[in-house]
Number of protein chains: 2
Amino acid sequence: MAREPETELPAEFFGPLDRSPGAVPLYVQIARKLEAAIATGTLVAGTRLENEVAMAKRIGLSRPTVRQAIQDLVDKGLLVRRRGIGTQVIQRPVARPVDLTSLYEDLEKSGNPPSTVVLSHRVEAADAETAERLGVPVGTPSLHLRRLRLVGSTPLALLHNVLPAPFTDITADELVSTGLYATLRSRGVVFSIAQQRIGAKAAEDSEAELLNIDPGSPLLTMNRTALDHSGDIVEWGDHCYRPDLYSFETTLISR
Amino acid sequence: MAREPETELPAEFFGPLDRSPGAVPLYVQIARKLEAAIATGTLVAGTRLENEVAMAKRIGLSRPTVRQAIQDLVDKGLLVRRRGIGTQVIQRPVARPVDLTSLYEDLEKSGNPPSTVVLSHRVEAADAETAERLGVPVGTPSLHLRRLRLVGSTPLALLHNVLPAPFTDITADELVSTGLYATLRSRGVVFSIAQQRIGAKAAEDSEAELLNIDPGSPLLTMNRTALDHSGDIVEWGDHCYRPDLYSFETTLISR
DNA sequence: TAGTGGTCTAGACCACATG
DNA sequence: ATGTGGTCTAGACCACTAA
């Protein structure tokens, strides 16, 4: 089961380091160079890296700094480390993990910009259920959104979001032009944690009509609670996706 | 948006540290104590922790060690850190993330032990598709499994797995009594990375019959490729779940 | 300005896997 | 016995936030 290709000593492709104040952290600079080397094939899958101590000395950094760079890539699923063995480039390239971005950005990146229709946009006093979801007192004003996401003229997803007080003034125009997550970020929200539950269900009549599918056909569902960096709930979402057009990818790293 | 409860100085609930050789790492000892304090409510949600430097000095550890303990809990979604602000206990308790365990273990933990029926168990030479999935040459022997997972007498999931050469001698009995992942671990497999894709589809006739649902009704689907600590593919899986009985939970931590 | 986490150094010893 | 990553120390300076 063990595999030990011989050590590879990449030359000084660790170019000059930028140690000026305000520069990108050194460990990030190293991590990026290693990542690029893996992406371009300079570091072939399965290659064993030079050991940490030697690499640190050769680059001119302390071992903890180099170690932090390597750990970043381990967390990304690009490298694997074993005590007593060494550090290897993972055999199979892995896809990016599910991250804290919106579907809008997902598709934009893939060169297939979607459009959005705002179906409803209301500010209401929170009922018991909404209050529980947002962690606010009953009666607090909250913004309820329903949107339809399309690729070209094909409906892709039906999005239902609820947002708490500080964001009730978000306009329908903003949502169409910028997307929900980008809008929130532009207002200073820094996302820290989100909890998702992914499931499936049969399409109800109203959902089927909006998504242009048959009633009762399968839908992929996702619920999400997103928290900002101070632990406050920023958004609660309940979404349906056409499973022929969308799925969720995750990379799991064991700890 | 910012919230700043006053600093909390937990007393010497950091009991004596075990510094004997072979003991649990110091940062793990600290992390566990902090985690317990959060779980029991000694550290209330929203509480701001003592700063790293002071905590390290008081406990009698170096700052990097304490910092590593805190980082562990940040990665678990229990704490949030902000430069210039401090470290806070997260407001809302989070569920455990999807991890590298099997459905068997998931349900066992929830006190609802499932049963397993092995529907088929064959060793075959890998065709092109299997070879691609397992990253082995065409023609390599591989074990093809189909299992039905039940809770009581209710079918829950239909599991299809393919395993490469070193594991083709796993028996049906092992699978029923131990579960696939536990069997692999007992053979020395250390999981490192897995890639999953979660989607939905309509149940085919054969699937519907086995799962005791109507043909065409929605199914939750999951594909997974699991790699061991040396980057070799250990298992490829293609599973269907009854969406009324199962869903996937994930906690996303922003980086 | 004061206080926080973020980064970095230059070492050290330990645990584990291999030959 | 050797070489690897895992842990740990005791400091330092920087970047960001708040008052």
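Computed from a prediction, not measured in an experiment: that's the story for all the values here. First the proteins, then the strands, lettered A, B, ... as listed; each starts at 1.
- Side-chain nitrogen and oxygen atoms of T87(B) include at least one within less than 4.0 Å of the OP1 or OP2 phosphate oxygen of dG5(C).
- With rounding to whole Å, R67(A) atom CZ is found 16 Å from dT7(C) atom P.
- The phosphate of dG3(D) (OP1 or OP2) has no side-chain N or O of N51(A) nearer than 4.0 angstrom.
- In this structure, CZ of R83(B) is placed 6 Å from C1' of dC16(D), rounded to the nearest angstrom.
- Following rounding to the nearest Å, Q88(B) (CD) and dT17(D) (C1') show an atom-to-atom distance of 13 Å.
- Counting only N and O atoms by type, the side chains of D173(B) and T171(B) include no donor and acceptor under 3.5 Å apart.
- In this structure, R63(A) does not reach the dA10(C) phosphate: none of its side-chain N or O atoms is under 4.0 Å from OP1 or OP2.
- As a whole-Å value, the separation of D72(A) CG from dT7(C) C1' is 13 Å.
- A donor-acceptor contact closer than 3.5 angstrom is absent between the side chains of Q71(B) and Y27(B).
- Each of G22(B) and G60(A) was assigned the nucleotide of DNA chain C with the nearest heavy atom; the assignment lying further toward the 5' end belongs to G60(A).
- Under 4.0 angstrom from either OP1 or OP2 of dT9(D) there lies at least one side-chain N or O belonging to T65(B).
- For Y27(A) and dC8(C), the shortest distance from a side-chain N or O to OP1 or OP2 is not below 4.0 Å.
- Between H229(A) atom NE2 and dG5(C) atom C1' the separation is 14 Å, expressed in whole Å.
- The CG atom of L26(B) sits 13 Å away from the P atom of dC14(C) (whole-angstrom rounding).
- Rounded to an integer number of Å, the gap from CD1 of I85(B) to C1' of dA19(D) is 11 Å.
- For Q71(B) and dG6(C), the CD to P distance is 7 Å, given to the nearest whole Å.
- Contact check, R81(A) against dG6(D): a side-chain N or O comes under 4.0 Å of OP1 or OP2.
- Along DNA chain C, the nucleotide closest to L61(A) and the one closest to S20(B) are compared, and the more 5′ of them pairs with L61(A).
- Taking 4.0 angstrom as the limit, R82(A) places none of its side-chain polar atoms (N or O) nearer than this to OP1 or OP2 of dA17(C).
- Ring to ring, F248(A) and F248(B) are not that close: their centroids are 6.0 angstrom or more apart.
- Judged purely by distance below 3.5 Å, without hydrogens or angles, the side chains of S186(A) and T183(A) never pair a donor atom with an acceptor atom.
- Between W236(A) and H160(A), the ring planes lie perpendicular to each other; the angle is over 60°, past the 30° to 60° tilted range.
- Among the protein residues, P64(A) comes within range of the nucleic acid bases, having at least one heavy atom under 4.0 Å from a base atom.
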